[in-house]
Amino acid sequence: MYPQDIGLSESIPIQKRLIIEGNKAYSSRMQKIAEGFEHQLPSWTIIILNDNQWKSWKKPNPSDSTFSILGANRTYVHEHYMRSSDDKIERSLAHELGHLTLKSNKEEDANRWADAYFKLKKKK
Ligand SMILES: [Zn+2]
C-alpha cells in the first residue's frame, strides 16, 4: 500500500508545536501552563518580553499584558505579568488562544472561546 492510498495527510498526526521564547527565568513555568492547552494550532509561540521590549513596541491597546498576532500564531507576554497566579496566566493564554484559533481580533470572540474552553475543562 502506498501513502497516497491511505491518505497520507490523515494518517500522520500533525505535530503541534509549542515554543516558548524570551525571558528564560519564566520559560519553564510558562511551558507548564501553556502545555495544558490541547491547542489546535500547528504551532504556537509564546514570547516573554522584558519591560523595555514591551514599552518599545506599539500595541493597539497599551494597557494589555498579553497580545497576539493572528496568522503568525504568536503571543507576547509582558514579563511583569508572570508575577500573576498560574490561574490568571492560564486565563489570559486561553483568551489569546481564542483570538488565534478563531482568527479574530474581537475581544468578545476571544472571551467566548476562553469561557467555552474552561467549561469543557471542568467537565473532564
Ligand atoms: Zn484580546
Side-chain angles (χ1 to χ4, degrees):
M1 195 183 262
Y2 295 97
Q4 58 267 34
D5 296 326
I6 55 169
L8 187 62
S9 60
E10 280 167 13
S11 63
I12 296 175
I14 295 165
Q15 184 89 42
K16 293 178 217 155
R17 293 194 307 152
L18 173 68
I19 302 153
I20 314 289
E21 287 177 5
N23 191 326
K24 293 270 179 288
Y26 300 110
S27 47
S28 69
R29 182 161 164 241
M30 181 54 95
Q31 176 90 30
K32 240 177 244 160
I33 299 169
E35 260 173 11
F37 293 97
E38 291 168 21
H39 66 88
Q40 295 304 308
L41 308 169
S43 75
W44 186 21
T45 305
I46 299 170
I47 302 134
I48 304 163
L49 298 182
N50 68 36
D51 200 42
N52 282 337
Q53 291 169 318
W54 188 263
K55 281 175 182 160
S56 69
W57 195 43
K58 290 221 178 350
K59 292 162 290 298
N61 190 352
S63 65
D64 282 351
S65 294
T66 58
F67 178 73
S68 291
I69 297 181
L70 305 184
N73 289 344
R74 282 168 174 267
T75 296
Y76 293 89
V77 179
H78 190 168
E79 67 176 7
H80 288 179
Y81 196 64
M82 296 305 291
R83 295 169 187 165
S84 310
S85 67
D86 285 9
D87 279 356
K88 196 172 173 194
I89 294 168
E90 190 186 15
R91 264 257 144 218
S92 295
L93 288 182
H95 175 94
E96 296 304 324
L97 197 51
H99 279 302
L100 298 176
T101 303
L102 300 173
K103 297 184 172 64
S104 168
N105 276 317
K106 287 184 189 155
E107 295 313 308
E108 57 266 33
D109 284 347
N111 287 332
R112 194 164 36 84
W113 193 94
D115 287 346
Y117 170 81
F118 285 109
K119 224 179 247 173
L120 253 174
K121 199 184 165 193
K122 252 189 228 161
K123 283 182 192 158
K124 277 186 184 172

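Numbers here simply count residues along the sequence, with the first being 1. The structure displayed is predicted, hence computed values, not measured ones.
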(request) Give the C-alpha distance, both sets of side-chain angles, the deciding distance and a yes or no for side-chain hydrogen bond (donor to acceptor under 3.5 Å, both in side chains) between Tyr81 and Thr66. (result) CA-CA 8 Å; Tyr81 196 64; Thr66 58; over 6 Å; no

(message) One pair to check against side chain to side chain contact (heavy atoms under 4.5 Å, CB included): Ile89 and Arg29. What are the steps and the verdict?
(response) CA-CA 10 Å; Ile89 294 168; Arg29 182 161 164 241; 3.5 Å; yes

(request) Compare every heavy atom of Leu70 with every heavy atom of His99, then report the nearest pair and how far apart it is. (result) O-CD2, 3.3 Å

(message) With rounding to the nearest 0.5 angstrom, report the NE2 to OG distance, His78 to Ser84.
(response) 10.5 Å

(message) Name the residue from Trp54, Tyr76, Trp57 that meets the ring-ring contact (aromatic ring centres under 6.0 Å, His included) definition with Phe67.
(response) Trp57

(message) Between Asp115 and Arg91 (salt bridge meaning N to carboxylate O under 4.0 Å), is one present in this structure?
(response) yes

(message) Under 3.5 Å, is there a donor on one side chain and an acceptor on the other for Asn111 and His95?
(response) yes

(message) Treating Glu35 as the side-chain partner and Lys32 as the backbone partner, does any N or O pair qualify as donor plus acceptor under 3.5 Å?
(response) no

(message) With rounding to the nearest 0.5 angstrom, report the CD to CD1 distance, Gln53 to Ile48.
(response) 11.0 Å

(message) Rounded at 0.5 Å granularity, tell me how far CZ in Phe37 sits from OG1 in Thr101.
(response) 10.0 Å

(request) Test side chain to side chain contact (heavy atoms under 4.5 Å, CB included) on Ile46 and Leu18 and set out the steps. (result) CA-CA 8 Å; Ile46 299 170; Leu18 173 68; 4.1 Å; yes

(message) Rounded to the nearest 0.5 Å, what separates atom CD1 in Ile69 from atom CD in Glu96?
(response) 11.0 Å

(message) Using 0.5 Å steps for rounding, measure from the CD atom of Glu21 to the CE atom of Met30.
(response) 12.5 Å

(request) Assess whether side chain to side chain contact (heavy atoms under 4.5 Å, CB included) is satisfied between Glu90 and Leu93, documenting all intermediate values. (result) CA-CA 5 Å; Glu90 190 186 15; Leu93 288 182; 5.7 Å; no

(request) Search all heavy atoms of Ser43 against all heavy atoms of Asn73 and return the closest pair with its distance. (result) O-CB, 3.2 Å

(request) Give the minimum heavy-atom separation between Ala94 and Phe118, together with the two atoms involved. (result) CB-CE1, 3.5 Å

(request) With rounding to the nearest 0.5 Å, note down the distance linking CD1 in Ile19 to CD in Gln31. (result) 10.0 Å

(request) State which residues pass side-chain contact (heavy atoms from CB on, under 4.5 Å) with Lys106; sequence neighbours excluded, sorted by chain then number. (result) Ser104, Glu108, Asp109

